[in-house]
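What follows is a set of notes on a single structure, which appears directly below.
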Amino acid sequence: MASFHGNQTTSSTTTLTHSPIYHSIILAGPRLKPLQQIHARIIITGLGRTRSLITKLLSFAYAAASPISYTRRLFFSIPKPDTFLFHSLITLTSKFSFPQESLLCYRRMLLANISSSNYTFSAVIKSSADLTAFSIGETIHCHVYICGYGLDAYVQAALVSFYAKSGHVMIARKVFDKMPEKTVVAWNSMISGYEQNGFGKEAVELFYLMQDLGVKPDSSTFVSLLSACAQVGAIGLGFWVHEYIARNCFDLNVVLGTALMNMYSRCGNVSKAREVFDSMEEKNIVAWTAMISGYGMHGHGSQAIELFNEMSFDGPRPNNVTFVAVLSACAHAGLVDEGRQIFTTMKQEYGLVPSVEHQVCMVDMLGRAGHLNEAYQFIKNTSPKEPAPAVWTAMLGACKMHKNFDLGVEVAEHLLSIEPENPGHYVMLSNIYALAGRMDRVEKIRNIMIRNRLKKEVGYSTIDVDHKVYSFSMGDKSHPESNQIYLYLDELMSRCRESGYIPASESVMHEVEEEEREYALRYHSEKLAIALGLLKTGPGVAIRIVKNLRMCEDCHTAIKYISIIANREINVRDRLRFHHFKDGSCSCQDYW
């Protein structure tokens with residue numbers, strides 16, 4: 001103990017007692033954590049300004065996620081930080097998710113006229129991405145070129161990730177394409193950037209380019225790629241990835257396993273997703289919730305509840321997201337009593353406060369089942385303040401489904417008062433007026449949309465044929481074989497009419513004549529994608545389509561007839577759920 005309590009000079013003692021760090025430690029008293037106890041010993045022994053010790057102490061502080069106020073005081077207690085200290089701290093703060101501290105260190109380093117390294121630039125670019133600080137990241141990009149690191153592989157990979165995370169995918173691709181040497185990290189950043197910004201098709205195409213150039217993928221590549229496959233329904237590529245993982249003895253950790261499971265669920269093979277789930281040695285709350293959500297998406301409400309009960313008994317504690325998944329499963333399967341009980345359990349047994357998402361699930365569940373008054377009272381009684389627009393939107397959908405026009409108009413007009421710029425509300429209100437025969441109101445809504453330059457979201461459908469993803473919008477003729485596709489679809493729809501199919505012309509906006517409406521319905525994106533699938537695949541092969549919006553009533557009816565005429569199983573994933581069409585019926589039992 002002598003080494004810690006040797007005699008100190010008066011001057012050093014005076015400096016010590018005036019140190020803000022010293023005072024913060026003394027005030028903490030016996031509550032000091034081990035790291036701060038070590039720091040106290042360093043100060044007492046007169047080594048409080050030893051740069052190497054303080055650098056090491058800061059490293060431990062950031063790694064241990066110590067309070068920002070403490071680490072910041074520790075950093076500013078160093079009078080003249082050197083290059084090594086700055087570079088170390090910037091890298092550490094970025095690594096341990098202290099992005100603001102990382103940029104603060106970088107700013108102080110610039111003021112000290114100390115040069116950056118490629119590792120420093122990579123770290124501060126990552127911190128800019130973590131904070132979505134686009135202007136700061138752009139400025140750092142300029143610094144990169146000024147300092148001569150414009151072609152550095154590490155820095156360029158960080159820039160690709162930064163621009164992608166900031167939503168500027170085209171800039172990210174420009175940076176990526178200019179890289180003289182692309183590491184697997186750079187490829188992963190670009191693939192992930194496409195996937196996270198909703199460009200699943202581009203992510204898949206980039207992976208194929210990666211394969212053509214002989215770049216060996218790693219686990220991170222496959223996590224992003226599987227998510228992209230899930231987006232566009234590329235189950236063929238997903239199968240290939242699964243086989244590659246098994247063949248090359250990849251560790252099926254919880255992250256990769258969950259991505260694989262999610263891919264199968266979202267591509268229509270929920271039984272295969274369950275196989276992956278059961279084979280995973282480690283299952284965290286994300287994996288359990290993903291499997292419950294997968295069951296719900298396919299309308300398997302009973303299995304979702306069964307797995308939820310198993311999780312509650314022998315798995316991680318369910319969180320808010322888990323309850324959203326199981327309540328949504330109840331809504332899609334019409335399990336109203338079970339949903340009510342789970343909602344009560346969430347509040348009473350788990351002490352969770354219902355969020356907007358939980359409220360939407362409850363209104364959706366009650367509304368779909370026809371309990372419109374109960375759903376309406378739930379909205380009024382549950383929310384202490386104005387309910388979120390999403391809650392009212394669920395109520396509006398239920399009103400349209402059950403043709404309660406008076407309540408639907410009331411809800412729609414309320415929605416427009418709180419979200420006047422949302423074109424979806426105008427379209428829904430227009431459809432409700434049309435179904436009620438109020439064509440004067442339909443025209444009025446249409447004129448308001450034109451005057452305010454509001455356009456409904458463009459619908460599109462994708463299909464994976466021979467490991468290539470094709471995308472269609474309504475009336476799309478961009479495919480090189482469009483003539484054959486349209487001729488085949490015309491023939492198909494004629495046969496459907498002969499079998500009893502009647503177009504649901506109210507499914508389209510009512511500003512066009514009946515004949516034009518039928519023409520518009522015939523060439524909806526999912527019908528075009530199905531026509532391509534039937535033309536390009538052999539008998540007995542299931543057709544899998546992904547639609548970005550909710551499928552309209554006409555397409556739902558038409559695909560039932562197509563499944564009989566073509567003798568094919570047709571799986572469609574729309575914005576809400578899966579529809580498995582076979583022999584003229586749908587797995588949703590017209591409950592969607």
Side-chain angles (χ1 to χ4, degrees), residues 24 33-36 38-39 54-78 81 84-110 116-141 143-144 154-168 172 183-186 188-193 195-197 218-221 223-224 227 253-256 258-259 282 284-287 289 316 319-321:
S24 65
K33 294 182 178 179
L35 188 67
Q36 291 168 312
I38 295 170
H39 188 194
I54 298 300
T55 302
K56 183 63 76 173
L57 193 65
L58 270 168
S59 301
F60 285 128
Y62 285 119
S66 297
I68 289 296
S69 59
Y70 171 70
T71 52
R72 188 173 288 179
R73 280 186 174 186
L74 193 57
F75 173 62
F76 281 109
S77 71
I78 305 170
F84 176 77
L85 177 59
F86 272 121
H87 290 186
S88 298
L89 290 182
I90 289 170
T91 304
L92 282 168
T93 49
S94 178
K95 178 181 178 181
F96 292 110
S97 300
F98 291 98
Q100 289 180 319
E101 299 304 299
S102 177
L103 295 175
L104 180 68
C105 292
Y106 179 68
R107 183 174 181 273
R108 192 176 176 195
M109 186 185 77
L110 293 179
S116 299
S117 69
N118 57 345
Y119 297 108
T120 308
F121 277 127
S122 299
V124 291
I125 291 167
K126 176 184 178 296
S127 295
S128 300
D130 291 342
L131 291 171
T132 59
F134 184 69
S135 59
I136 293 175
E138 277 192 313
T139 302
I140 294 171
H141 193 175
H143 294 178
V144 165
Y154 292 102
V155 175
Q156 286 184 315
L159 284 168
V160 169
S161 180
F162 161 72
Y163 282 115
K165 286 182 177 179
S166 300
H168 297 271
T183 63
V184 69
V185 175
N188 291 350
S189 296
M190 195 64 244
I191 291 172
S192 174
E195 180 271 319
Q196 290 174 3
N197 284 281
D218 62 12
S219 182
S220 296
T221 314
V223 169
S224 297
S227 295
N253 57 41
V254 68
V255 176
L256 185 56
T258 302
E282 178 191 359
N284 61 10
I285 192 168
V286 178
T289 302
N319 63 10
N320 277 299
V321 181

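For the single chain, residues carry numbers from 1 onward in sequence order. Below, all heavy atoms of this structure are taken into account, side chains as well, without hydrogens, waters or symmetry copies. Everything numeric in this text was worked out from a predicted model, so none of it was measured.
Tyr119 has its side chain out of reach of His87: every pair of non-hydrogen atoms, C-beta onward, lies at least 4.5 Å apart. Taking 4.5 Å as the limit, every side-chain heavy atom of Val254 sits out of range of all side-chain heavy atoms of Val286. Inter-residue side-chain proximity for Ile285 and Val321 is flagged as unmet; no heavy-atom pair is nearer than 4.5 Å. Contact of the Leu131 side chain with the Gln100 side chain is registered, since non-hydrogen atoms from C-beta on lie closer than 4.5 Å. Proximity of Thr139 to Ile136: side-chain heavy atoms (C-beta onward) are nowhere separated by under 4.5 Å. In this structure, Glu138 and Tyr163 have side chains that are in contact, with non-hydrogen atoms separated by less than 4.5 Å. Residues Ile140 and Phe162 form no side-chain contact, since every pair of their non-hydrogen atoms from C-beta on lies 4.5 Å or further apart. Residues Ser128 and Leu103 meet the side-chain proximity criterion, which asks for heavy atoms closer than 4.5 Å.
One finds the OG1 atom of Thr120 at 14.0 Å from the OH atom of Tyr154 (value rounded to the nearest 0.5 Å). With rounding to the nearest 0.5 Å, the separation of OG in Ser161 from CE in Met190 is 10.0 Å.
A pairwise comparison of heavy atoms in Gly193 and Asn197 identifies O-ND2, 2.8 Å as the closest pair. Nearest heavy atoms, Met109 versus Ile90: SD-CD1, 3.9 Å. The two residues Val160 and Ala186 have their closest heavy-atom pair at CG1-O, 4.4 Å. When every heavy atom of Ala129 is checked against every heavy atom of Lys165, the shortest pair comes out as CB-CD, 3.9 Å.
Between Phe134 and His168, the distance separating the two ring centers is shorter than 6.0 angstrom.
For the 3.5 Å distance criterion, the side chains of Ser127 and Asp130 fail to qualify, holding no donor opposite an acceptor.
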